[in-house]
Amino acid sequence: MGRQNGYDHREIERRWQDQWDEADVFRVPDDAEDPAYVLAMFPYTSGQLHMGHVRNYAITDALARYRRMDGDEVLHPMGWDSFGLPAENAANERDTNPREWTERCIEQMREQFEALGFGYDWDREVTTCDPDYYRWNQWIFNRFREAGLVERQAATVNWCPSCETVLADEQVEGEAELCWRCDTPVEERDLDQWFFRTTEYADELLEDIDELDGWPTNVRDMQRNWIGRTEGAEVPFDVETPDATETVRAFTTRLDTIHGATFFALAPDHPLAEAAAERDDEVAHFVEHVADPDGDEPQGVATDMTARNPVTGEELPVFVADFVLSDIGTGALMAVPGHDERDHAFAQSHDLPIRQVIAPEDGADTEDVDIEAAPYTEDGVLVNSGEYDGLSSEPARERLTEEVDGADSAVQYQLRDWGISRQRYWGTPIPIVHCEECGPVSVPDDRLPVELPEFVHTTGNPLDAAEEWKHTECPECGGPAVRETDTMDTFVDSSWYFLRFTSPDLDDAPFDVERANDWMPVDEYVGGVEHAVMHLLYSRFVTKAFADLDLLDHREPFESLTTQGMVLGEDGAKMSKSRGNGVSPERIVSEYGADTARLFVLRAARPDKDFPWSEEGVRSSNSFLKRLLEMAREVDPDAAADDPDDPAAEYVAREVAATVEAATDRFEEMEFNRAVQAIDEMVSLLVRYRDRDAVDPGVVARGVEVAVKLLAPVAPHVCEECWTALDGEGFVAEADWPTPDRDVNDHEQAVRLVERTREDVRDIVEVAGIEEPTAIDVVTAPEWMHDALELARDADGDVVGAVMSDGDLRERGEAAADYAKDLAAAAPALPEALAPDRERATLERAAWLVESEFDAPVRVLAAEEADDDLASKAEPGRPAIHVHEN
RNA sequence: GCGAGGGUAGCCAAGCCUGGAAACGGCGGCGGACUCAAGAUCCGCUCCCGUAGGGGUCCAAGGGUUCAAAUCCCUUCCCUCGCACCA
């Protein structure tokens, strides 16, 4: 592509990428003090960047470049989330191994990153499948184990038969319980699993969400939801079985309704339910064939057991019911059909008594409550509850918790411990050796890393097949032992990688504590919402655990979080192969260049919003860049930008200053789209001004220079090219961010005055049907009107009085009185207006716009200079206008 | 059902927190400049009426607060997302 089409983006982009690299522009030295830490979620190494990546990384790159120009040192690193199942699958399909496949993917992706010109400190690159990285996963495992944060439990786990692996709860999606990766229905299996005890931190993880002001509300909400804290009480019920009396604790949030309990229910997999199934075929049948936890109808079966209500002493029938879930509460519940939807439905279908023990608080509509028809689930006043009658629900709960034998207040969480075991090859080996004598023994730190053995193709877990690797000796007794063959969930890798970036090559610890303390937390973290729960919650957990291990002073990893929206297909739907609406970044980069791609994705919408791809938008981004480069090449870089005498030049200079101010604010808010909009408008004005007869080249030069700097974070290569054309020193990437060179305080009012006046002139010309204006007079209001307006604005109620109390104004007679009345009518919404001299100067500066639009000379006159008739129509902020015609 | 976020002109979308301009901007559409012509570009217009800057009706619907509401409060309807037989 040659000059005539604008610019040769291939040549330009590669050249600047090389030069940045050579000059180490994006390196941040280890001794940097508290650099701005800007981080994008590192990509999984699929080998292909998609448009979503481009957007994600364009956002952080623009922010990082802006911060750098604004004077901060910036840590903007990149790495590879490179362990995981897809690599293994790919290796199996392609007759290669996961490592080679992953390395190739990394190569490809790095090239794509480089082609896009993202400014990363590649010296800090981190690759999770590298033993130098994953050994620290193992080290962390050891620390956590020492601290009691690791547990081995025989657990029922989610098992995906297609992936042949265990899934975390978070990886199971929807009511249908499908695998998050392959949508296969998930089954259950019992396996010995390693867990990180995230529940230890449940309360802190929940409470600290309140402090995360920089996070989107929906993410905070999702985390709260996921942790799912419920306060209530546990109450012991004595359950009579044919063999013995067992005490079963039931969790309830409504202890105040305990007098209304009419039956008791157990989960199908509760030990007592299983024992009952042994004794009773009907129960066995129900448990094995009927129970359907996903069904709409609560189903259950009576048993030969009874439970004693600890408050009333009543005997309650015990059911095994499928709506009771063993992983919620204690897997046993007291059922109060009068005040719970589910219990009510069950009671009706099983013809069990329904008893009202709560009445509405005000008592008035007690009779409206038909407890047989529907449960009353609100709090209220206790009735039919013996000595507790008349108490409100809340105090009743407190008293009952205290007074019922064995009852305790209790808290339930939906959050589970984090099962980190995966029966997979391509992950971090869990540093455990199983010894017949000593049981599971940690591999000591000095023998880390436990490296992955060579990959072998097998239907099962390749680690199981790696006999030589697997058989080892016990670190404690030296006897024969086998290695743990499970590897870690890849979310372990990503739960602390942001710390590794602070000291990526350190070989005696995962990260340098002092530097991490100084550089953390991440100031701005950007990625997709799909990580709202898992990755972000695990990272928070690990950070807190580190803090308690004295490895870190911070308890939260991410100060501010942005979840970026999707890039949709041109048809407005999610990009997908099946729809064929995908757009490949490679094509865009080769056809239009990286700068165009970046500019397009950043100007299309705010970072957190979805937007559809638009080829038209891409083209317009491209031509904008061409125009800017063209201007930069035409400008006389030596032209001085002093205070211009020409009002038009001063007008432009002010607009430039105002744009600096506006764009800077937008960059601060990461509203790149609006920043670009402001720059775009300014460049249009510069073009228009440049094409005028009398031009101050210094003003144009300054304007173009400002445009180039402001746009540099977004379209860095073209801007370097422009910078060179402008004789800029060094890289624009390292230039100082511009500051307004003029006071722009009254800019908004000035813009409004100018816009309004121009519109008025257009209106007049059009409505009056003036074909060819020969001259246009613009007459500002006399000073006394401004004075009157000021008085009116300060007036407290009596506007006319305030205005007419002024001697000078009184002398104006009727004109002043009329205006005072007008002001009074408009009060208290009186407009702010520029002072008379500023108003006039503003109009004079803007006159050239009107002149060029109507091709007629414009005179800006003070009221005294114009004839009275015309002048009398002027008001502050609203000049009188006369259009002359032949 | 619970929770969160939304509903602004033909479409996309800012403004709403901190009330005071028919409501930024873009696309599409219309007109003009340039051109042999088209494209690109530039300048306008784009809720209705209007031969001197005027008038009317507007921000999902309804109500309220206020001198004044797209903006604050209440109610209803609709959309999107997350969670959900949670004891």
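Order of the sequence lines sets the chain letters (A, B, ...), proteins ahead of strands, with each chain counted from 1.
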- Message: Within the 4.0 Å limit for protein heavy atoms, which parts of nucleotides 39-51 of chain B are touched? Write it as a string from 5' to 3', B for base, S for sugar-phosphate only, - for none.
- Response: ---SSSS----BS
- Query: What one-letter contact string describes nucleotides 1-19 of chain B from 5' to 3', where B marks a base within less than 4.0 Å of any protein heavy atom, S marks contact via sugar-phosphate atoms alone, and - marks no contact?
  - Reply: --SSS--------S-----
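Considering only residues two or more places apart in sequence or on other chains, H344(A) meets the ring pair (Phe, Tyr, Trp, His ring centres under 6.0 Å) condition with none of them. Every residue was checked against the ring pair (Phe, Tyr, Trp, His ring centres under 6.0 Å) condition with H747(A), not counting sequence neighbours, and none meets it. Not counting sequence neighbours, the partners of E755(A) by the side-chain contact (heavy atoms from CB on, under 4.5 Å) test are V751(A), R758(A), E759(A). For F263(A), the ring pair (Phe, Tyr, Trp, His ring centres under 6.0 Å) partners are F319(A), F346(A), not counting sequence neighbours. F611(A) meets the ring pair (Phe, Tyr, Trp, His ring centres under 6.0 Å) test with F600(A); sequence neighbours excluded. In this structure P236(A) satisfies the side-chain contact (heavy atoms from CB on, under 4.5 Å) test together with T247(A), R249(A), sequence neighbours excluded. Applying the side-chain contact (heavy atoms from CB on, under 4.5 Å) rule to K609(A) yields the partners A605(A), R606(A); only residues at least two apart in sequence or on another chain are considered.
Within a heavy-atom distance below 4.0 Å of RNA chain B, no residue of residues 266-273 of chain A is found.
With a cut-off of 3.5 Å on both pairing distances, the Watson-Crick and G-U wobble pairs of RNA chain B assemble into stems of 3 or more at B:1-7 with B:77-83, B:10-12 with B:25-27, B:28-33 with B:41-46, B:47-49 with B:54-56, B:60-64 with B:72-76.
Sequence order on RNA chain B of the closest nucleotides to H882(A) and E681(A) puts E681(A) first from the 5' end.
Applying the side chain to side chain donor-acceptor pair (under 3.5 Å) test to pairs two or more places apart or on separate chains, those with a residue in residues 867-882 of chain A are D760(A)-R878(A).
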